[in-house]
Engineer: 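Quick one: this structure, given as structure tokens, is what I'll be asking you about.
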2 protein chains.
Amino acid sequence: MELSNYSKIFKALSNEQRLKIFLMIYKNCCSPEGAVVGSEFKLKDESCCSVKGGLEKAFTRICDCMNLSRSTISHHFKELQNAGLITCEREGQTYRCKINQEVVESIMDFLK
Amino acid sequence: MELSNYSKIFKALSNEQRLKIFLMIYKNCCSPEGAVVGSEFKLKDESCCSVKGGLEKAFTRICDCMNLSRSTISHHFKELQNAGLITCEREGQTYRCKINQEVVESIMDFLK
DNA sequence: TATATTATTCTAAAATCATGGAACTATCGA
DNA sequence: TCGATAGTTCCATGATTTTAGAATAATATA
């Protein structure tokens with residue numbers, strides 16, 4: 001993988017709001033305050049969490065959790081997709097997001 | 001560690017030029033083209049590589065390798081320091097840069 | 001000590017980014 | 001079918017970032 005791909009991935013994670021969104025998908029939950037994050041992700045509001053595999057009505061939930069407009073959330077999702085970190089597909093009103101685990105792992109390898 | 005710290009670290013690595021500088025220190029070498037990077041970092045110009053522990057006349061070398069002004073290189077170094085990724089100290093004309101391995105590892109833990 | 005070299009800081013300009021509103025498309029459900 | 005809901009795209013704007021030149025400070029060496 002080219003160096004520019006790595007910087008693109010880091011850029012996708014460099015914005016705090018976007019990182020929060022990424023974690024919602026990665027850890028399958030979200031925290032309104034985006035407080036302390038570890039392998040055990042502490043929830044503030046379980047209602048905006050989804051089950052493994054997809055975020056149902058993702059945007060509305062995320063808009064509720066974070067103070068961002070739909071349009072902004074959409075931009076952030078696109079950025080994460082462009083970096084290859086996630087893959088999204090819409091199935092009616094269900095928005096399925098998946099982590100591209102290989103990409104996450106390539107970052108870890110890169111830093112090893 | 002706070003979420004904002006992680007995004008700060010990712011931001012430091014999000015710029016391709018800065019990532020290249022980081023790798024010069026991390027892998028203790030540099031590549032003018034910043035080509036393919038892996039655990040085995042291939043050199044284009046060994047002359048601008050340093051020995052383990054410090055980069056002697058770092059800026060001049062890096063300016064030669066990359067097409068950036070001194071002032072820009074300086075800014076990038078500062079950014080990497082601010083993110084906590086590296087520690088630099090000047091010792092006369094020798095500029096010692098060290099990686100903060102714990103910080104690099106905290107990123108890997110974060111992504112685990 | 002004077003001069004050359006090295007790195008930092010100030011300032012400014014161009015480029016990129018984050019964000020939201022409005023208009024738009026797609027889908028659900030009454 | 002019609003209204004409500006979900007997400008996207010276009011467009012504009014304020015904020016941040018990247019970059020370099022000039023001035024400055026620190027250091028080495030002749």
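Throughout, a chain's letter reflects where its sequence line sits, starting with A, and its residues are numbered from 1.
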Engineer: Any side-chain heavy atom of A/T72 within less than 4.5 Å of one from A/M66?
Structural biologist: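 Side chain of A/T72 against side chain of A/M66, heavy atoms only: no contact under 4.5 Å found.
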Engineer: Looking at C/dG20, I'd like to know if its phosphate oxygens (OP1 or OP2) sit under 4.0 Å from a side-chain N or O belonging to A/S69.
Structural biologist: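 So the side-chain polar atoms of A/S69 do come within 4.0 Å of the phosphate oxygens OP1 or OP2 of C/dG20, strictly under.
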Engineer: To the nearest Å, give me how far apart CG (B/N15) and C1' (C/dC17) are.
Structural biologist: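 Interatomic distance, CG of B/N15 to C1' of C/dC17: 13 Å.
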Engineer: Are OP1 or OP2 of D/dT19 and a side-chain N or O of B/H76 less than 4.0 angstrom apart?
Structural biologist: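 B/H76 to D/dT19 OP1/OP2: side-chain N or O found under 4.0 Å.
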Engineer: Within less than 4.0 Å of OP1 or OP2 of D/dG7, is there a side-chain N or O belonging to A/S74?
Structural biologist: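 For A/S74, the contact criterion (side-chain N or O under 4.0 Å from OP1 or OP2 of D/dG7) is not met.
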Engineer: Just how far, in rounded Å, is P of C/dC17 from CD1 of A/I73?
Structural biologist: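 Going from CD1 in A/I73 over to P in C/dC17 covers 19 Å.
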Engineer: Under 4.5 Å between any side-chain heavy atoms of B/L19 and A/F110, yes or no?
Structural biologist: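 Yes, side chains in contact.
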Engineer: Could you state the CG-C1' distance from B/N82 to D/dT16, rounded to the nearest angstrom?
Structural biologist: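 About 15 Å, once rounded to whole Å.
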Engineer: Need to verify one output field. Residue with the more 5' nearest nucleotide on DNA chain D, A/S71 or A/K11?
Structural biologist: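 Final value for this comparison: A/S71.
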Engineer: Within this structure, what is the CD-to-C1' distance between B/E16 and C/dT16, rounded to whole angstrom?
Structural biologist: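 From B/E16 CD to C/dT16 C1': 15 Å.
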Engineer: May I have the distance from A/Q81 (atom CD) to D/dT8 (atom C1'), rounded to whole angstrom?
Structural biologist: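 Value for this atom pair: 11 Å.
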Engineer: To the nearest Å, how far apart are A/K20 NZ and C/dA18 P?
Structural biologist: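 After rounding, the gap between these two atoms is 14 Å.
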Engineer: Could you tell me whether the phosphate oxygens of D/dT18, OP1 or OP2, come under 4.0 Å of any side-chain nitrogen or oxygen in B/R18?
Structural biologist: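 It does, given that an N or O in the side chain of B/R18 lies less than 4.0 Å from OP1 or OP2 of D/dT18.
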Engineer: Can you tell which of B/Q17, B/R18, B/Q81 makes a side-chain hydrogen bond (donor to acceptor under 3.5 Å, both in side chains) with B/H76?
Structural biologist: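 The passing option is B/R18.
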Engineer: Without decimals, in angstroms, what is the distance between B/L68 CG and D/dG21 P?
Structural biologist: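 The answer, rounded to whole Å, is 11 Å.
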Engineer: Look at the side-chain N and O atoms of B/K78 and state whether any lies under 4.0 Å from the OP1 or OP2 oxygen of C/dA7.
Structural biologist: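 So the side-chain polar atoms of B/K78 never come under 4.0 Å of the phosphate oxygens OP1 or OP2 of C/dA7.
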Engineer: Which part of the nucleic acid, if any, lies within reach of B/H75 when heavy atoms closer than 4.0 Å are counted: base, sugar-phosphate only, or nothing?
Structural biologist: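 It contacts base atoms.
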Engineer: Is the shortest side-chain heavy-atom distance between B/Q101 and B/Y26 below 4.5 Å?
Structural biologist: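 Yes, their side chains come closer than 4.5 Å.
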Engineer: Verify side chain to side chain contact (heavy atoms under 4.5 Å, CB included) between B/L3 and A/L23, making sure each step is shown before the conclusion.
Structural biologist: CA-CA 10 Å; B/L3 193 62; A/L23 288 173; 3.4 Å; yes
Engineer: Can you see if the side chain of A/R70 gets near the phosphate of D/dA6 - specifically, an N or O under 4.0 Å from OP1 or OP2?
Structural biologist: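 The answer is yes; a side-chain N or O of A/R70 sits under 4.0 Å from OP1 or OP2.
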Engineer: For the pair made of CD in B/E79 and P in D/dT16, what is the distance, rounded to whole Å?
Structural biologist: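 Spelled out: CD on B/E79 to P on D/dT16 is 13 Å.
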